[in-house]
Amino acid sequence: MKQLTSSQRKILSAAASKLNALVIVGQSGLSEGIMKKCAECLESHELLKIKFNEFKEEKISFAEEICKKTDATLVRIIGNTAILFKESSDKEKQKHLI
């Protein structure tokens, strides 16, 4: 997991404000399908918004668990939405240079 400075977090939060949530955590919680979808989205988009429709009290621990399993970094949690970042391993696919 990469540590971000406050200015990097600000840049990534601004970029994420234009995005829709690609993953929605509902009744099934952190299922294997949710984890797989998070990993795929992070690899292809680098920046991911996760909306918590259920398990709102556990959103911080769930977001941290997703980060551990996908080797992503938690940028910020705003309301019931978590923003995660993982730099692409392919230099040509990198969209957010921080």
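What's counted below: heavy atoms across the whole structure, side chains too, no hydrogens, waters or symmetry copies.
Arg76 contributes no side-chain N or O that, together with a main-chain N or O of Ile83, makes up a donor-acceptor pair within less than 3.5 Å. Distance alone, capped at 3.5 Å, is enough to place a donor-acceptor pair between the Lys86 side chain and the Thr70 backbone. Side chain of Thr5 to main chain of Gln8: a donor-acceptor pair is present (N/O by atom type, distance under 3.5 Å, no hydrogens or angles). In terms of modelled atom types and a separation under 3.5 Å, the side chain of Ser61 and the main chain of Glu58 share a donor-acceptor contact.
Residues Leu84 and Cys67 have side chains in contact (heavy-atom distance under 4.5 Å, counting atoms from C-beta outward). Residues Glu40 and Leu42 have side chains not in contact (no heavy-atom distance under 4.5 Å, counting atoms from C-beta outward). Glu65 is listed as a side-chain neighbour of Leu30, based on a closest heavy-atom distance under 4.5 Å. Counting only heavy atoms from C-beta outward, the side chains of Ile66 and Met35 approach each other to under 4.5 Å.
Closest of all the heavy-atom pairs between Gly29 and Ile34 is O-CG1, 3.6 Å. In terms of heavy atoms, Ala82 sits closest to Phe52 at CB-CE1, 3.9 Å. Lys37 and Val23 make their closest contact through CG-CG2, 3.6 Å (heavy atoms, listed as atom of the first residue, atom of the second, distance). Summarising the geometry of Asn53 relative to Lys51, their closest heavy-atom pair is OD1-CG, 3.5 Å, with the distance given to 0.1 Å.
Under the 4.5 Å side-chain contact rule for hydrophobic residues, Val75 and Ile78 share a cluster. When the side chains of ILVMFWY residues are joined at heavy-atom separations under 4.5 Å, either directly or via intervening members, Ile60 and Phe62 end up in a single hydrophobic cluster.
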Verify side-chain contact (heavy atoms from CB on, under 4.5 Å) between His45 and Leu22, making sure each step is shown before the conclusion. CA-CA 10 Å; His45 299 287; Leu22 294 178; 3.6 Å; yes

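Put simply, NZ on Lys10 and CG on Leu4 are 15.0 Å apart, with the number rounded to the nearest 0.5 Å. One finds the CG atom of Leu47 at 7.0 Å from the CZ atom of Phe85 (value rounded to the nearest 0.5 Å).
A salt bridge does not link Glu64 with Lys68: every distance from a Lys NZ or Arg NE/NH1/NH2 to an Asp or Glu carboxylate oxygen is 4.0 Å or more.
Between the side chains of Asn80 and Lys59, a donor-acceptor pair is found at a separation under 3.5 Å.
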